[in-house]
Amino acid sequence: MSTSSTPPPTAADSFGAHLRHWRQHRRLSQLDLAHEAQVSTRHLSYVETGRAEPSREMVLRLAERLEVPLRERNTLLVAAGYAPMYRQRSLDDPAMAPARQAVELVLKGHEPFPALAVDRHWNLVAHNTLVPLLMDGAAPELLQPPVNVLRLSLHPEGVAPRIANLAQWRAHLLERLQQQIAATGDAALVALHDELAAYPAPQVSHDTPANNSELAGVAVPFQYVTPQGVLSFISTTTIFGTPVDVTLQELAVESFFPADAQTAAALMSMGKKKPA
């Protein structure tokens, strides 16, 4: 079933239309939002209908209360007639060199365990030298940039056939994607969710191991079949704590940790053989 809802307003729409979209997306009444933003319900109603123009401070206050992502806060500012506040630069921009170095330091420091960085649409931005070992055997077209790691993970010609607990991992990824959609309202993520959910039901030829990893009770494991046996991981997500740049807010580092001693030993061995 599609996760899509009412289409979000476009850049040509009024500030009031954008504000109403985010208020409804957060399931708040005008009264609720007015109380949280410490403005009168009447003034908020006037702003939504275009009968009153918000100040720049008001735009930012409402965006803060609605937990609007930085990219969309720029859209709100422009719709209200103000200049965007948050910079939007590629991670390859020379001015972003310190941020890129920080990401690469985190990725390199996680070796000999896999770690990768993704953008807001789950496109691969950077990875350490262990990650390609987990992509081996995927269809070449899925490895063409930009590589979408969710598509690569769940596509029948991607990594999916080698995920021992595919049904469990698939449900976890789709739920995580739904949570991201709820937070951002991003139409591209809705389309990605619909695509992934339409893939054939998981069917694997190897035996699916029981959740017997040492950390199975802590988090959903990622169990991957290799010639060395089934490797079992848990993962964590790292984000920049106080970003003032759109790119940094949307960047996430996924770090995979061994969930049992066998996996840790296998990764140590693979790390010694990794390409230079």
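Between the Arg87 side chain and the Asp245 main chain, no donor and acceptor come within less than 3.5 Å of each other. Judged by distance alone, with hydrogens and angles left aside, the side-chain atoms of Asp13 form a donor-acceptor pair with the main-chain N or O of Thr10 at under 3.5 Å. The closest donor-acceptor contact from the side chain of Asn74 to the backbone of Met85 lies under 3.5 Å. Between the Asp119 side chain and the Leu124 main chain, no donor and acceptor come within less than 3.5 Å of each other. Checked by atom type and distance alone, the side chain of Arg71 never pairs as donor or acceptor with a backbone atom of Val246 at under 3.5 Å. Between the side chain of Arg170 and the backbone N or O of Ala197 there is at least one donor-acceptor pair closer than 3.5 Å. Asn165 places a side-chain N or O within 3.5 Å of a backbone atom of Pro221 that can act as its donor or acceptor partner.
In this structure, Arg56 is not positioned above the aromatic face of Tyr82 in the sense of NZ or CZ being under 6.0 Å from the six-membered ring centre and within 45° of the axis.
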_For a side chain to side chain donor-acceptor pair (under 3.5 Å) check, start with the C-alpha distance between Gln30 and Thr41, then their side-chain angles and the critical distance, and finish with the verdict._
CA-CA 6 Å; Gln30 285 187 344; Thr41 306; over 6 Å; no
*Start with the C-alpha gap between Val253 and Thr236, add the side-chain angles, then the distance that decides, and say whether side chain to side chain contact (heavy atoms under 4.5 Å, CB included) holds.*
CA-CA 8 Å; Val253 175; Thr236 63; over 6 Å; no
*I would like to know whether Lys108 and Asn128 meet side chain to side chain contact (heavy atoms under 4.5 Å, CB included); could you show each step before the answer?*
CA-CA 6 Å; Lys108 182 68 176 177; Asn128 66 14; 5.8 Å; no
*List the steps and the verdict of side chain to side chain donor-acceptor pair (under 3.5 Å) for Ser90 and Asp93.*
CA-CA 5 Å; Ser90 166; Asp93 189 301; over 6 Å; no
*asked:* Applying side chain to side chain contact (heavy atoms under 4.5 Å, CB included) to Leu192 and Leu177, what does each step give before you reach the verdict?
replied: CA-CA 9 Å; Leu192 178 62; Leu177 191 52; 4.2 Å; yes
_Evaluate Gln228 against Gln262 for side chain to side chain contact (heavy atoms under 4.5 Å, CB included), listing each step before the verdict._
CA-CA 9 Å; Gln228 291 80 21; Gln262 174 189 340; over 6 Å; no
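Residues His18 and Pro9 approach most closely at ND1-CG, 3.4 Å, considering heavy atoms. The nearest pair of heavy atoms linking Leu152 to Ala138 is CD1-CB, 3.7 Å. Heavy-atom minimum distance, Ala164 versus Val230: CB-CG1, 4.3 Å. Considering all non-hydrogen atoms of both residues, Leu166 and Ala160 come closest at CD2-O, 3.7 Å. Pro54 and Ala80 get closest at one heavy-atom pair: CG-CB, 4.2 Å. Between Trp169 and Val220, the closest heavy-atom pair is CZ3-O, 3.8 Å.
Glu104 CD: more than 12 foreign heavy atoms inside a 6.0 Å radius. Counting heavy-atom neighbours within 6.0 Å of Glu53 CD, excluding the residue itself, gives a total of 12 or less. The number of heavy atoms from other shown groups lying within 6.0 Å of CZ (Arg51) does not exceed 12.
The side-chain heavy atoms of Gln223 and Ile163, taken from C-beta on, include no pair separated by under 4.5 Å. In this structure, the side chains of Leu28 and Arg23 come closer than 4.5 Å at one or more pairs of heavy atoms. Residues Pro69 and Glu72 have side chains in contact (heavy-atom distance under 4.5 Å, counting atoms from C-beta outward). Under the 4.5 Å side-chain criterion, counting only non-hydrogen atoms from C-beta, Leu91 is in contact with Leu251. Contact annotation: the side chain of Val131 never approaches that of Leu107 to less than 4.5 Å [non-hydrogen atoms, C-beta and beyond]. Side-chain contact between Glu67 and Trp22 is absent, with no heavy atoms from C-beta onward closer than 4.5 Å. Side-chain contact between Leu70 and Arg73 is present, with heavy atoms from C-beta onward closer than 4.5 Å. Residues Asn123 and Val118 fail the side-chain proximity criterion, which asks for heavy atoms closer than 4.5 Å.
If you check the side chains of Arg162 and Tyr224, you find a donor sitting under 3.5 Å from an acceptor. For the residue pair Asp260 / Thr263, a side-chain donor-acceptor distance below 3.5 Å is found, with atom types taken as modelled. Remark: the Thr247 side chain and the Gln88 side chain contain no N/O donor-acceptor pair separated by less than 3.5 Å. Judged purely by distance below 3.5 Å, without hydrogens or angles, the side chains of Arg176 and Thr237 pair a donor atom with an acceptor atom. A donor-acceptor contact closer than 3.5 angstrom links the side chains of Asp186 and His121.
The line from OG of Ser14 to CD of Glu48 is 9.5 Å long, rounded to the nearest 0.5 Å. Taking OG1 from Thr226 and CG from Leu231, the interatomic distance works out to 4.0 Å, rounded to the nearest 0.5 Å. Considering CG of Leu130 and CE of Met135, their distance stands at 11.5 Å, rounded to 0.5 Å. The distance from the OG atom of Ser255 to the CZ atom of Phe113 is 11.0 Å, given to the nearest 0.5 Å. Taken to the nearest 0.5 Å, the CD atom of Gln179 stands 11.5 Å off from the CG atom of Leu174. Of the inter-residue distances, the one linking Glu250 atom CD with Phe240 atom CZ reads 13.0 Å to the nearest 0.5 angstrom.
Between His25 and His21, the ring planes are parallel. Angles under 30° get that label, and only those over 60° would be called perpendicular. Note: Tyr199 and His155 have perpendicular aromatic rings, judged against thresholds of 30 and 60 degrees for the angle between ring planes. Between Phe256 and Phe233, the two ring planes are perpendicular [angle over 60°; tilted spans 30° to 60°].
Checked options Leu60, Leu66, Val68, Leu62; the residue passing with Leu76 is Val68 (criterion: side chain to side chain contact (heavy atoms under 4.5 Å, CB included)).
A chain of hydrophobic side-chain contacts below 4.5 Å, direct or via other Ile, Leu, Val, Met, Phe, Trp or Tyr residues, connects Val47 to Val39. Both Leu196 and Leu143 are part of a single hydrophobic cluster, where members link through side-chain heavy atoms under 4.5 Å apart. Put simply, Leu142 and Leu173 are part of the same group of oily side chains (I, L, V, M, F, W, Y) that touch within less than 4.5 Å, one to the next. By the rule that hydrophobic residues join a cluster once side-chain heavy atoms approach within less than 4.5 Å of another member, Val59 and Tyr46 end up as members of separate clusters.
You'll find the ring centres of His110 and Phe257 inside the 6.0 Å limit.
Contact check on Asp92 versus Arg100 returns a salt bridge, with a Lys/Arg side-chain nitrogen under 4.0 Å from an Asp/Glu carboxylate oxygen.
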